[in-house]
Colleague: 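Would you mind keeping the following structure in view while I ask a few things?
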2 protein chains.
Amino acid sequence: MASTRPNILVIEDDPPIRRFLRASLSSHDFDVQEAPGGKEALKLATQQPPDLVILDLGLPDVDGLEVIRQLRQWATMPIIIVSARGQEKDKVAALDAGADDYLTKPFGVGELLARIRVALRHAVTLAAGRGESSQFRVGQLHVDLAARRVLVAEAEVHLTPIEYKLLTTLAHYAGKVLTHRFLLKEVWGPTYSDQTHYLRIFMANLRRKIESDPARPRYLLTEQGVGYRLAEE
Amino acid sequence: MASTRPNILVIEDDPPIRRFLRASLSSHDFDVQEAPGGKEALKLATQQPPDLVILDLGLPDVDGLEVIRQLRQWATMPIIIVSARGQEKDKVAALDAGADDYLTKPFGVGELLARIRVALRHAVTLAAGRGESSQFRVGQLHVDLAARRVLVAEAEVHLTPIEYKLLTTLAHYAGKVLTHRFLLKEVWGPTYSDQTHYLRIFMANLRRKIESDPARPRYLLTEQGVGYRLAEE
DNA sequence: GTCAATCTTTACGGAATCTTTACGCCTCAC
DNA sequence: GTGAGGCGTAAAGATTCCGTAAAGATTGAC
């Protein structure tokens with residue numbers, strides 16, 4: 001699909017293994033970015049989002065699971081874990097945090113490449129629709145998913161966790177109407193599906209913080225009897 | 001997204017393992033279908049396509065790789081391989097044939113479940129990406145079913161829930177005449193089958209919003225004594 | 001243990017929508 | 001011609017849905 005070579009970000013602190021991965025990937029038609037630690041990796045990923053991430057869980061600076069969660073705040077590209085720890089609970093934790101695959105060292109290059117092909121196969125099909133980015137903009141409203149910040153007219157606005165989740169869920173489907181039920185499931189969890197008054201209250205809170213005239217909203221729009229919608233350009 | 005429990009097809013010839021998988025999956029909110037061989041499996045899969053397939057490569061009747069290829073001829077649901085053979089070339093062959101994951105026996109149930117969750121996660125995202133070309137057009141009228149929006153001459157028109165349901169029902173059968181009874185059942189529910197005056201009122205409302213000359217409708221056409229019809233190109 | 005921030009619960013006025021009622025027009029059979 | 005049935009339109013009444021405020025409960029930080 002992509003006319004250029006797929007770009008892979010390798011997050012690995014051990015220099016020999018990093019070199020080895022770079023060599024293996026480069027010779028199989030991939031572009032490679034490298035990061036020795038989680039901090040650099042997250043920065044790199046926002047600056048130039050890769051098509052796939054290979055992540056060693058045993059990083060010196062940040063917990064590997066935390067790197068997964070940070071990336072998943074805004075990105076959907078495949079994440080393949082490469083780890084010395086082969087305990088089942090480690091695998092389950094990583095996969096549930098948002099990783100797509102988990103290889104235990106030592107592993108063969110052939111298998112890694114095959115699993116990369118599988119992951120990219122998935123990614124191509126779904127990336128076709130949405131050109132994802134770590135930012136969302138509409139009018140004066142600016143949501144930075146990677147930094148977890150919300151700006152209105154260049155001024156930062158503080159949101160509570162639920163307010164933030166609600167706004168980002170709407171932003172993820174910007175322009176589309178999301179039903180009450182769906183929003184409640186997504187933000188509060190499946191057991192809250194019929195607590196529609198929660199939505200009314202938190203939408204009011206969000207509007208007070210984001211809209212210049214909360215009574216006549218420009219971004220957070222109501223679809224009576226159905227749900228809510230975030231305006232897009 | 002799916003309101004019912006995900007359905008998993010287990011293809012495994014060894015009865016104890018099959019029983020074990022059934023028990024593990026059933027107790028974790030999955031519906032399970034079983035097949036002891038490739039032939040039955042392929043037949044079952046066409047009759048009642050599962051949401052995910054767990055496949056043992058060492059089947060007595062058909063080669064496991066062949067089962068993958070057969071399924072991939074028409075289906076895209078995730079396939080997770082479960083095999084006693086852990087050779088790298090086996091894994092690569094299966095993954096490249098179209099499998100999505102490969103576990104080597106013995107494996108933990110926790111890991112299998114986690115990898116199932118990953119695979120289903122992908123499947124949901126994929127489905128969401130595909131279903132975005134759901135639009136209807138005729139003349140100046142444009143209905144965007146995904147965003148739940150209606151445009152007339154590029155300008156958005158606000159519709160109430162019932163108006164919208166009525167319009168989309170007509171659009172779904174564009175060009176065909178729908179009887180009063182059918183529309184009432186579809187939009188209001190089966191108990192309203194003889195409230196034909198509702199239809200007159202809401203058709204008038206719709207025309208006022210959509211037609212440039214409501215008295216001489218171009219899109220929402222009346223079929224005297226029968227019902228209504230939405231014009232198509 | 002206290003305090004601050006957030007989430008949950010309760011209550012109510014107003015707006016949007018649906019339902020009901022009413023009336024005029026047209027067509028067609030007799 | 002005329003009266004009945006089907007249709008379109010208007011407007012008032014009833015109901016549901018939404019926005020807002022504020023008090024109570026919970027959580028986490030120090």
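Chain naming here is simple, since letters A, B, ... match the order of the sequence lines and numbering starts at 1 in each.
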Colleague: Under 4.0 Å between a side-chain N or O of Tyr228(B) and OP1 or OP2 of dG6(D)?
Modeller: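 Negative; the distance criterion is not met.
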Colleague: Between Thr222(A) and dC17(D), does any side-chain N or O lie under 4.0 Å from OP1 or OP2?
Modeller: no
Colleague: Between Lys209(B) (side chain) and His158(B) (backbone), is there a donor-acceptor pair under 3.5 Å?
Modeller: yes
Colleague: Separation of Lys209(A) atom NZ from dG19(D) atom C1', in whole Å?
Modeller: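 Between C1' of dG19(D) and NZ of Lys209(A): 17 Å.
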Colleague: Classify Ile162(A) by what it touches in the nucleic acid, base, sugar-phosphate, or nothing, heavy-atom distance under 4.0 Å.
Modeller: sugar-phosphate
Colleague: Rounding to an integer number of Å, can you tell me how far Asp194(A) CG sits from dC17(D) P?
Modeller: 13 Å
Colleague: Report the residue from Leu170(B), Leu230(B), Val152(B), Leu206(B) that forms a side-chain contact (heavy atoms from CB on, under 4.5 Å) with Tyr219(B).
Modeller: Leu230(B)
Colleague: Between dC17(D) atom P and Leu221(A) atom CG, what is the distance in whole Å?
Modeller: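 That distance rounds to 20 Å.
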Colleague: For a quick check of understanding: with a heavy-atom distance under 4.0 Å over all strands, which category does Gln224(B) fall into, base, sugar-phosphate or nothing?
Modeller: sugar-phosphate
Colleague: Using whole Å, what does the distance between atom P of nucleotide dA22(D) and atom CD1 of Ile201(A) come to?
Modeller: 14 Å
Colleague: In whole Å, what is the span from the CZ atom of Arg200(A) to the C1' atom of dG19(D)?
Modeller: 8 Å
Colleague: Once you measure the plane-to-plane angle for Trp188(B) and Tyr198(B), does it fall in the parallel (<30°), tilted (30-60°) or perpendicular (>60°) bin?
Modeller: tilted
Colleague: Quick check: do Leu166(A) and Glu186(A) have side-chain heavy atoms less than 4.5 Å from each other?
Modeller: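 Not in contact.
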Colleague: Can you tell which of dC7(D), dT20(D), dC18(D) lies closest to the side chain of Ala215(A)?
Modeller: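 Among dC7(D), dT20(D), dC18(D), the one nearest the side chain of Ala215(A) is dT20(D).
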Colleague: Rounded off to whole Å, could you give me the CZ-to-C1' distance for the Arg208(A) and dA22(D) pair?
Modeller: 11 Å
Colleague: Are Ile116(B) and Phe30(B) close enough that some pair of their side-chain heavy atoms sits under 4.5 Å apart?
Modeller: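 Answer yes - side chains close enough.
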Colleague: Report which part of the nucleic acid Thr196(A) touches: base, sugar-phosphate, or nothing (heavy-atom distance under 4.0 Å, all strands).
Modeller: nothing
Colleague: Atom CG of Asn205(B) and atom C1' of dA11(D): how far apart are they, to the nearest Å?
Modeller: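 So the two atoms are 12 Å apart, to the nearest Å.
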Colleague: Heavy atoms of chain B, cut-off under 4.0 Å: which first and last nucleotide of DNA chain C, 5' to 3', fall inside that, if you could look?
Modeller: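 Listed 5' to 3', the contact boundaries are dT17(C) to dT21(C).
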Colleague: Distance from Leu9(A) atom CG to Leu55(A) atom CG, nearest 0.5 Å?
Modeller: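 Nearest 0.5 Å value for the CG-CG distance: 8.5 Å.
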Colleague: Round to a whole Å and report the spacing from CG of Leu184(B) to C1' of dG6(D).
Modeller: 15 Å
Colleague: Taking the six-membered ring for Trp, are Phe182(A) and Tyr173(A) parallel (under 30°), tilted (30 to 60°) or perpendicular (over 60°)?
Modeller: perpendicular
